[in-house]
2 protein chains.
Amino acid sequence: MAEPTPAVTRQSLAAAALRVLERDGLAGLSMRKVAAEVGVRAASLYWHVRNKEELLDLLNDALIADAEIPPREGSWREQFLEYGRRHRALLLARRDAAKVVAGRLAPGPHTLAVLEDQLDRLRAAGFGDADAAMASYLLSAYVQGFVLQEQSPLSAAEAAGASRGEAARAAGETFRTLPGDTYPNLVALADDLTDPDMNTRFEFGLQRLADGLAALLPQGGTASGGPS
Amino acid sequence: MAEPTPAVTRQSLAAAALRVLERDGLAGLSMRKVAAEVGVRAASLYWHVRNKEELLDLLNDALIADAEIPPREGSWREQFLEYGRRHRALLLARRDAAKVVAGRLAPGPHTLAVLEDQLDRLRAAGFGDADAAMASYLLSAYVQGFVLQEQSPLSAAEAAGASRGEAARAAGETFRTLPGDTYPNLVALADDLTDPDMNTRFEFGLQRLADGLAALLPQGGTASGGPS
DNA sequence: ACCTGAACACCGTTCAAGT
DNA sequence: ACCTGAACACCGTTCAAGT
């Protein structure tokens with residue numbers, strides 16, 4: 001024990017990257033800044049990490065580290081929904097988290113733990129092996145796709161500082177004033193298409209997924225599940 | 001008529017960006033290269049476009065330009081599925097297309113045309129205004145999330161040139177050799193989790209979505225839809 | 001109206017050299 | 001074993017200046 005404790009570890013690197021991400025966003029996350037954050041020069045990072053890609057893999061798993069496993073109570077459906085909601089909340093909590101996680105498949109230890117637990121519940125609910133594997137993949141594709149859109153600015157105006165609500169109102173106006181003979185549906189649904197209530201929108205998709213999966217189970221049919 | 005035809009137009013810029021994307025990928029797409037492709041110096045681009053973001057918006061819509069509207073035949077379900085499949089195929093056809101499209105909400109003219117048509121079919125099928133709007137959003141979130149994963153390398157090995165099949169086999173081996181007492185499900189489902197058949201995986205999710213949406217319609221219940 | 005040259009403040013990565 | 005200085009080949013963007 002009492003090892004020389006090296007100044008930089010892969011863990012301290014991930015923590016530093018997390019802080020830079022929060023401060024400057026993914027576009028502003030550079031090797032030089034992470035190095036500075038950890039009190040060292042950029043070239044030194046390459047002793048601990050092959051390249052920036054590998055640093056982003058560390059960051060990816062660090063983002064998942066805060067995931068809390070939902071309680072094991074209620075129907076499989078309620079647990080499935082809760083998984084989706086927590087995953088979204090986790091990504092929303094950190095700046096640009098969806099962008100970091102999105103194209104990154106290499107699972108770190110935290111990701112593995114969550115996946116293991118999720119598969120366990122799906123199998124216990126009665127899903128076959130292939131279905132369970134695909135269901136968990138499906139859920140994460142949806143959540144990541146959704147939050148990716150949610151975290152990216154609706155327009156140049158929002159990127160420049162306008163609120164989501166203002167941006168949505170402007171987008172609605174754009175749709176509403178489109179030529180009504182070529183775009184009758186866009187005009188008619190302008191408000192629905194630009195509704196800024198992302199919680200409702202997310203929940204809609206999540207319920208559809210749950211319904212679709214429910215149809216795979218023996219006792220299938222019971223779609224939207226009334227009161228218990 | 002016979003205008004002086006400027007050398008560079010926003011359209012020629014989009015076309016040039018498309019070629020650079022195909023050749024060098026999104027990471028290799030720089031203002032300097034696009035400028036060279038169009039026979040001009042980097043600084044000149046800023047006359048036609050505010051910044052790189054705006055160039056990427058052009059590229060985004062150019063990617064959608066090839067979209068073909070599916071034939072208006074069969075059930076709403078079959079048309080919905082076909083929409084999903086074509087959207088995926090479109091993204092898969094161009095290098096890094098999902099990464100370009102992913103966080104980009106500002107819809108260009110081609111995107112609007114597709115959306116208009118899609119909403120028309122959903123409403124004709126009997127979906128309410130809000131449901132139609134959310135259903136189309138749901139489908140695009142799923143497709144984008146899915147293809148984003150599909151187009152990104154499974155591992156460093158695949159990025160370095162290994163085939164998808166090899167990478168999948170290696171990933172399966174990683175899961176299978178995990179400690180069986182802490183990860184029993186990952187070990188048991190190793191093959192299912194790393195199955196490289198992306199078509200089946202995509203189709204699975206698409207069918208679940210369709211089932212979930214079907215449950216919203218008055219004549220609901222009939223989930224996976226047998227032969228017509 | 002459209003394009004250029006030159007510059008500014010950055011990048012990721014390599015590598016010999018230090019300790 | 002771990003870190004640095006210096007360099008290389010790039011970036012996006014601005015701006016005065018050209019035509």
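What's counted below: heavy atoms across the whole structure, side chains too, no hydrogens, waters or symmetry copies. The chains referred to below are lettered A, B, ... by the order of the sequence lines, with proteins before strands, and numbering in each begins at 1.
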Exercise. Could you say whether A:Gly39 or B:Asn51 is positioned toward the 5' end of DNA chain D, judged by the nucleotide with the nearest heavy atom to each?
Key: A:Gly39
Please determine whether a side-chain nitrogen or oxygen atom of [X] lies at a distance below 4.0 Å from atom OP1 or OP2 of [N].
X       : N     : result
B:Ser44 : C:dC2 : no
A:His48 : D:dA1 : no
A:Trp47 : D:dC3 : no

Please tabulate the protein-to-nucleotide N/O contacts below 3.5 Å involving nucleotides 14-19 of chain C, giving atom names and distances.
none

Exercise. Give a yes or no on whether a salt bridge exists between B:Glu82 and B:Arg85, defined as a side-chain N under 4.0 angstrom from a carboxylate O.
Key: yes
Self-check item: Carboxylate-amine/guanidinium contact A:Arg201 A:Asp197, below 4.0 Å
Solution: no
Using whole Å, what does the distance between atom [atom2] of nucleotide [N] and atom [atom1] of [X] come to?
X       : N      : atom1 : atom2 : answer
A:Lys33 : C:dC10 : NZ    : P     : 8 Å
B:Leu45 : D:dT13 : CG    : P     : 10 Å
B:Leu55 : D:dG12 : CG    : P     : 10 Å

Exercise. Hunt down any stem DNA chain D takes part in, defined as 3 or more consecutive Watson-Crick or G-U pairs whose two distances are each under 3.5 Å.
Key: C:4-8 with D:12-16, C:12-16 with D:4-8
Quiz item: Restricting to pairs with a member in residues 138-152 of chain A, which pass salt bridge (charged side-chain N to carboxylate O under 4.0 Å, His left out), not counting sequence neighbours?
Solution: A:Arg88-A:Glu150
Quiz item: Which residue pairs pass the salt bridge (charged side-chain N to carboxylate O under 4.0 Å, His left out) test with at least one member in residues 177-193 of chain A, sequence neighbours excluded?
Solution: A:Arg176-A:Asp191
Is the shortest heavy-atom distance from the side chain of [X] to the side chain of [Y] under 4.5 Å?
X        : Y        : result
A:Glu203 : B:Met134 : no
B:Pro70  : B:Arg121 : yes
A:Leu29  : A:Leu59  : yes
A:Tyr83  : A:Val143 : no

Self-check item: Any residue of residues 21-32 of chain B with a heavy atom less than 4.0 Å from an atom of DNA chain C
Solution: B:Arg32
Exercise. Please say which of B:Arg95, B:Arg94, B:Lys33 ends up in a salt bridge (charged side-chain N to carboxylate O under 4.0 Å, His left out) with B:Glu22.
Key: B:Arg94
Quiz item: Is B:Tyr142 reaching over with its side chain to a backbone N or O of B:Phe202, donor-acceptor style, under 3.5 angstrom?
Solution: yes
Exercise. Check ring pair (Phe, Tyr, Trp, His ring centres under 6.0 Å) between A:Phe175 and all other residues, then give those that pass, not counting sequence neighbours.
Key: none
